[in-house]
Amino acid sequence: MSSQIITRFAPSPTGYLHIGSARTALFNWLYARGRGGKFLLRIEDTDRARSTPEATQAIFTGMDWLGLDYDGEPVTQFERAVRHADVAHELLAAGKAYKCFSSQDEIAAFRDQARAAGRSTLFRSPWRDVEAANHPQGAYVVRIKAPQSGKTVIADQVQGDVTINNDQLDDMVLLRSDGTPVYMLAVVVDDHDMGVTTVIRGDDHLNNAARQMTIYHAMGWQIPVWAHIPLIHGSDGKKLSKRHGALGVDEYHAMGYSAAAMRNYLARLGWAHGNDEFFTDAQAQEWFGFGGIGKSPARFDFKKLSKLSGQHIATTDDAALLHELQAFLAVTGAPKLSDQTAAQMLSAMYCLKERARDFAELIDKAQFILAETPITPDVKAQSTLDNTGISILHELTPHLQNVTWTRDDLERVTSQIAETRGIGFGKIAAPIRAALAGRTATPSVFDMMLVLGRQDTIARLTDISAKEITD
RNA sequence: GGCCCGUUCGUCUAUCGGUUAGGACGCCAGGUUUUCAACCUGGAAAGACGAGUUCGAUUCUCGUACGGGCUGCCA
């Protein structure tokens, strides 16, 4: 028997990978990876009506983007339905579960009455202790016999010991009247069969844990370590929904955030390690533990995500950034970079990455590489190309023919013009910027010159100054 | 309705009975500057409320308020 930690992420395919689910996945991943354990993936698709191959694919795609790698092949819960049903039948045979012939209509009517009268809506099946000889023909569900007195204590790693009076527990359904297993049974069986030692999941399952314990006890299985983490809320403190912005992780990818930053931000949302804010995966894995998990729901803050994204982009190596940039372009449907453009992007990355918070911004700052020539200045850039601006370009161009193409020499040549004219360097840079990029917000003019090279730089300057003359 | 959980600056959080209640994002002011960004310095900004325990409560207990969850033949 090994003491290896085994965690799992068990999303249901609902169309996209929810950002809150992604954080749950991250926590499980961090916990397992930081302890040399295994991290498994299980698709909870027992609800056939809501499960589609596309939705399942969206989970894989999201996990892949976030870099949350899992061990082995993903388990599909639906494929294990026979095993789940076997367990239910085993409990039935052992007298720990029973056939309930109450119809859904009967139960619904009971609940309506109970609610109206202000009583508990907990349904007590009249069939719990009826002998088989007295069973009618017809459809039935299989219900577990839950304890009706005493207390159940959930030893939760985040919430502490949570005590539930057993009179709150219902005899939950294990098998539907068509014989298919329900989720509550499937999770328990799968977690047990997969050897899951530690379950980190949303605290919407906290109450369910008490009910699931009934199954564990009935089967004589060991209960996993549970950690129920608070949900993520929208900026108004309400449950995160569409009106708060993006729900699916694919949307965050399309917005251009760095995947490393997503991991960093999501980890920090509801978990803390002292005052550490910016950290690597290795650090997160080393530091992550139950002690640092908060008990209250956290609100999603795009501003902070942005900041972290910028920091991660600035500290990621250039080649990796080019890769991530190309993946970003692919999800947004933008055309692929040509080999030449990609090479220029790579050579410019050192200056692009320290001024971009996300890949959309990075592309924007790289406009001088991507724009078609001849450059067409926008309105603001055009305003720097007055007579003075044009004359600066005229004066500079010949110098660029002979100067060695290094930053020092380019700076020297350009500064000389500023000096002789007795104006600030900014006045010189503005028209150059306009000519090279056609806009006013760009990397340093010297960075652009170095990336573009002598030929292209001079061509752009002459394009502009020539055009102005003919106007 | 019943049961369960939560509540520190606007936001994410540190604190594990004794602190001028710390950090980060954002915001404001200043600096640097070649535009944008980045960066540097400074500033405003918090213990939901009410009791109790204690020499001493943000921290422990109870109540109230507010928020969230569960209460399905959904997951």
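Every chain is numbered from 1, with letters handed out A, B, ... down the list of sequences. None of these values were measured; they are calculated from a predicted model.
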Item checked: Verify stack between A:His205 ring and B:A75 base, 5.5 Å, 30 degrees -> yes
With heavy atoms under 4.0 Å as the rule, sort [X] into base, sugar-phosphate or nothing.
{"X": "A:Gln104", "answer": "base"}
{"X": "A:Pro230", "answer": "nothing"}
{"X": "A:Val445", "answer": "base"}
{"X": "A:Arg433", "answer": "base"}
{"X": "A:Met172", "answer": "nothing"}
{"X": "A:Gly270", "answer": "sugar-phosphate"}
{"X": "A:Lys365", "answer": "base"}
{"X": "A:Ser12", "answer": "sugar-phosphate"}

If I compare all heavy atoms of [X] with all of [Y], which pair ends up nearest, and what's the gap?
{"X": "A:Val199", "Y": "A:Val196", "value": "CG2-CG1, 3.7 Å"}
{"X": "A:Ile59", "Y": "A:Pro13", "value": "CD1-CA, 3.9 Å"}
{"X": "A:Val141", "Y": "A:Ser177", "value": "CG1-N, 3.6 Å"}

Short side-chain N/O contact from [X] to OP1 or OP2 of [N], under 4.0 Å:
{"X": "A:Thr46", "N": "B:A75", "answer": "yes"}
{"X": "A:Arg143", "N": "B:C73", "answer": "yes"}
{"X": "A:Arg111", "N": "B:G72", "answer": "yes"}

Item checked: A:Arg268 side-chain N/O to A:Trp271 backbone N/O, donor-acceptor pair under 3.5 Å -> yes
Margin query: Checking the side chain of A:Asp317 only, and the main-chain atoms of A:Ala320 only, is there a donor and an acceptor separated by less than 3.5 Å?
Written below: yes
Check: For the atom pair CH2 (A:Trp29) and CD1 (A:Ile200), what is the distance rounded to the nearest 0.5 Å?
Finding: 13.0 Å
Item checked: Donor/acceptor link under 3.5 angstrom from A:Thr442 side chain onto base of B:C36 -> no
Check: A:Ala441 side chain: which of B:C25, B:G68, B:C36 is closest?
Finding: B:C36
With the criterion being N/O to N/O and under 3.5 Å, what pairs connect the protein with nucleotides 38-49 of chain B, and how long is each?
{"unit_1": "B:C39", "atom_1": "OP2", "unit_2": "A:Lys307", "atom_2": "NZ", "d": "3.1"}

Notebook entry, point to check: What are the residues of residues 406-428 of chain A, sorted by number, that bring a heavy atom to within less than 4.0 Å of RNA chain B?
Noted result: A:Phe425, A:Gly426
Identify all pairs in which a protein N or O lies below 3.5 Å from an N or O of nucleotides 4-9 of chain B, and state each distance.
{"unit_1": "B:C5", "atom_1": "O3'", "unit_2": "A:Gln159", "atom_2": "OE1", "d": "3.3"}
{"unit_1": "B:C5", "atom_1": "O2'", "unit_2": "A:Gln159", "atom_2": "OE1", "d": "3.2"}
{"unit_1": "B:G6", "atom_1": "OP1", "unit_2": "A:Lys295", "atom_2": "NZ", "d": "3.4"}

Next item on the list: Sequence neighbours left out, what passes side chain to side chain donor-acceptor pair (under 3.5 Å) with A:Glu44? Give chain and number order.
Entry: A:Arg42, A:Gln77
Item checked: Geometric cation-pi criterion, A:Arg23 with A:Phe27: 6.0 Å, 45° -> yes
Checklist line | P atoms of B:G52 and B:A46, separation to the nearest Å | finding: 26 Å
Notebook entry, point to check: If each of A:Trp271 and A:Tyr183 is mapped to the nucleotide of RNA chain B with the nearest heavy atom, which maps nearer the 5' terminus, i.e. the 5' end?
Noted result: A:Trp271
Check: Are A:Phe300 and A:His233 close enough that their ring centres sit under 6.0 Å apart?
Finding: no
Pair up each side-chain donor or acceptor in residues 442-452 of chain A with any protein partner under 3.5 Å, not counting sequence neighbours, and list the distances.
{"unit_1": "A:Thr442", "atom_1": "OG1", "unit_2": "A:Arg433", "atom_2": "NE", "d": "2.9"}
{"unit_1": "A:Ser444", "atom_1": "OG", "unit_2": "A:Phe446", "atom_2": "N", "d": "3.1"}
{"unit_1": "A:Ser444", "atom_1": "OG", "unit_2": "A:Asp447", "atom_2": "N", "d": "3.4"}
{"unit_1": "A:Asp447", "atom_1": "OD1", "unit_2": "A:Tyr350", "atom_2": "OH", "d": "2.7"}
{"unit_1": "A:Asp447", "atom_1": "OD1", "unit_2": "A:Arg407", "atom_2": "NH2", "d": "2.1"}

List every contact pair, protein side and nucleotides 19-23 of chain B side both N or O, where the distance is under 3.5 Å.
{"unit_1": "B:G22", "atom_1": "N2", "unit_2": "A:Asn275", "atom_2": "OD1", "d": "2.6"}
{"unit_1": "B:G23", "atom_1": "N2", "unit_2": "A:Arg268", "atom_2": "NH2", "d": "3.4"}
{"unit_1": "B:G23", "atom_1": "N2", "unit_2": "A:Glu277", "atom_2": "OE2", "d": "2.6"}

